[in-house]
Amino acid sequence: DTILCAASPTWDQRETEASMSELSDGTARPVPDAVIVTGAGRGIGRAIALDLGTAGAHVLCLSRTENADGTAAEIREKGGRAEGLVLDLAEYQEVERAVRQRVEALSVGRWGVVLAAGILGPAGPLAACSLVEWDACHRVNVLGNLGVLRGTLPAMVDARFGRVVFFAGGGAAYANP
């Protein structure tokens with residue numbers, strides 16, 4: 001099976017209309033039954049998790065801190081369905097295992113993943129930067145987020161449905177002296 005980055009041309013319009021929910025900005029968009037959001041403890045990941053909770057998706061909030069539980073609690077307080085999962089994305093093998101377990105336990109049909117967690121790499125000239133710091137950055141930003149996706153992919157393939165959004169930070173766009 002091939003996972004495509006665009007909607008399948010065989011997408012059933014009735015399914016699209018049945019899955020439309022209104023987001024907080026008043027626009028209607030198709031929403032999966034459940035969405036995993038990395039970086040849900042703060043920043044853009046938290047904002048996206050809260051919006052998806054309002055839109056009716058069951059949200060699995062991932063963060064390396066207990067803030068994941070706080071975001072999930074806020075979604076539930078507003079009448080949504082959510083749970084927190086505290087994971088360090090740098091431990092990508094554990095992340096894949098834990099996410100796969102949680103996805104299987106929830107038994108939800110259509111999954112989405114928003115990969116919004118990330119850390120900045122070391123600042124300064126390459127010759128002065130530690131490769132250990134670059135390794136940590138790569139483990140979180142690439143391998144950890146891919147571990148989340150790999151943990152969710154079996155359910156997406158089984159459901160023949162999946163939506164993935166992978167964020168990249170603005171830190172890559174600016175040179176550090």
Side-chain angles (χ1 to χ4, degrees), residues 1-21 23 29-41 44-69 71-72 75-76 80-119 135-169:
D1 287 317
T2 301
I3 305 297
L4 301 175
C5 294
S8 168
T10 61
W11 181 256
D12 184 342
Q13 184 64 31
R14 290 168 297 165
E15 183 178 349
T16 300
E17 291 167 1
S19 67
M20 296 296 260
S21 296
L23 296 178
R29 299 186 185 126
V31 177
D33 301 320
V35 181
I36 297 173
V37 180
T38 68
I44 193 166
R46 180 178 182 280
I48 290 169
L50 293 171
D51 218 24
L52 287 166
T54 300
H58 184 113
V59 183
L60 181 55
C61 303
L62 268 66
S63 177
R64 65 180 164 171
T65 69
E66 300 293 326
N67 291 348
D69 296 324
T71 302
I75 292 169
R76 289 190 303 271
R81 297 168 295 132
E83 54 191 279
L85 185 58
V86 178
L87 290 171
D88 182 355
L89 292 182
E91 303 300 326
Y92 57 89
Q93 291 174 326
E94 169 61 18
V95 166
E96 181 179 349
R97 186 197 62 73
V99 167
R100 182 168 286 145
Q101 268 186 338
R102 190 62 62 98
V103 166
E104 289 171 357
L106 284 174
S107 300
V108 173
R110 300 173 322 146
W111 281 93
V113 177
V114 176
L115 302 168
I119 62 173
D135 180 57
C137 180
H138 183 74
R139 289 172 67 89
V140 170
N141 296 353
V142 178
L143 299 175
N145 279 305
L146 290 177
V148 172
L149 183 55
R150 283 177 50 99
T152 314
L153 272 176
M156 290 178 167
V157 170
D158 287 348
R160 299 181 52 83
F161 179 95
R163 299 293 180 266
V164 180
V165 177
F166 205 136
F167 279 78

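Predicted, not measured: the structure shown is a model, and the values here were computed from it.
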Enquirer: Would a 4.5 Å heavy-atom cut-off, applied to side chains only, mark I48 and V165 as touching?
Expert: no

Enquirer: Applying side-chain contact (heavy atoms from CB on, under 4.5 Å) between T152 and each of V35, V113, V157, L60, report the one that passes.
Expert: V113

Enquirer: With rounding to the nearest 0.5 Å, note down the distance linking CD1 in I119 to CZ in R64.
Expert: 6.5 Å

Enquirer: Within this structure, what is the CD-CG distance for the pair E83 and D69, rounded to the nearest 0.5 Å?
Expert: 10.0 Å

Enquirer: Nearest 0.5 Å, what's the CG-CD1 distance between L149 and I36?
Expert: 9.0 Å

Enquirer: Testing the 3.5 Å rule here: is there a donor-acceptor pair between the side chains of Q101 and R97?
Expert: yes

Enquirer: More than 12 foreign heavy atoms under 6.0 Å from CD of E94: is that the case here?
Expert: yes

Enquirer: Compare every heavy atom of A117 with every heavy atom of G39, then report the nearest pair and how far apart it is.
Expert: N-CB, 3.4 Å

Enquirer: Between the main-chain N or O of R150 and the side-chain N or O of R100, is there a donor-acceptor pair closer than 3.5 Å?
Expert: yes

Enquirer: State, yes or no, whether a side-chain contact exists between F167 and V114 at a heavy-atom distance under 4.5 Å.
Expert: yes

Enquirer: Hey, is the main chain of G144 close enough, under 3.5 Å, to the side chain of R139 for a donor-acceptor pair?
Expert: no

Enquirer: Taking atom CD1 of I75 and atom CZ of R46, what is their separation to the nearest 0.5 Å?
Expert: 9.0 Å

Enquirer: So, for C61 and A49, which heavy atoms are closest and what is the spacing to 0.1 Å?
Expert: SG-CB, 4.1 Å

Enquirer: Do T71 side-chain atoms and A40 backbone N/O form a donor-acceptor pair below 3.5 Å?
Expert: yes

Enquirer: Where is the tightest heavy-atom contact between Y92 and L143, given as atom of each residue plus distance?
Expert: CB-O, 3.4 Å

Enquirer: Answer yes or no: is there a donor N or O on one side and an acceptor on the other, between the side chain of N145 and the main chain of N141, under 3.5 Å?
Expert: yes

Enquirer: Return the CG to CG distance between L62 and L89, rounded to the nearest 0.5 Å.
Expert: 6.5 Å

Enquirer: Where do M156 and W111 come nearest, in terms of heavy atoms and distance?
Expert: CE-O, 3.6 Å

Enquirer: Which atom pair, heavy atoms only, marks the closest approach of A116 to G45?
Expert: CB-CA, 3.9 Å

Enquirer: Within this structure, what is the CG-OG1 distance for the pair L87 and T38, rounded to the nearest 0.5 Å?
Expert: 10.5 Å

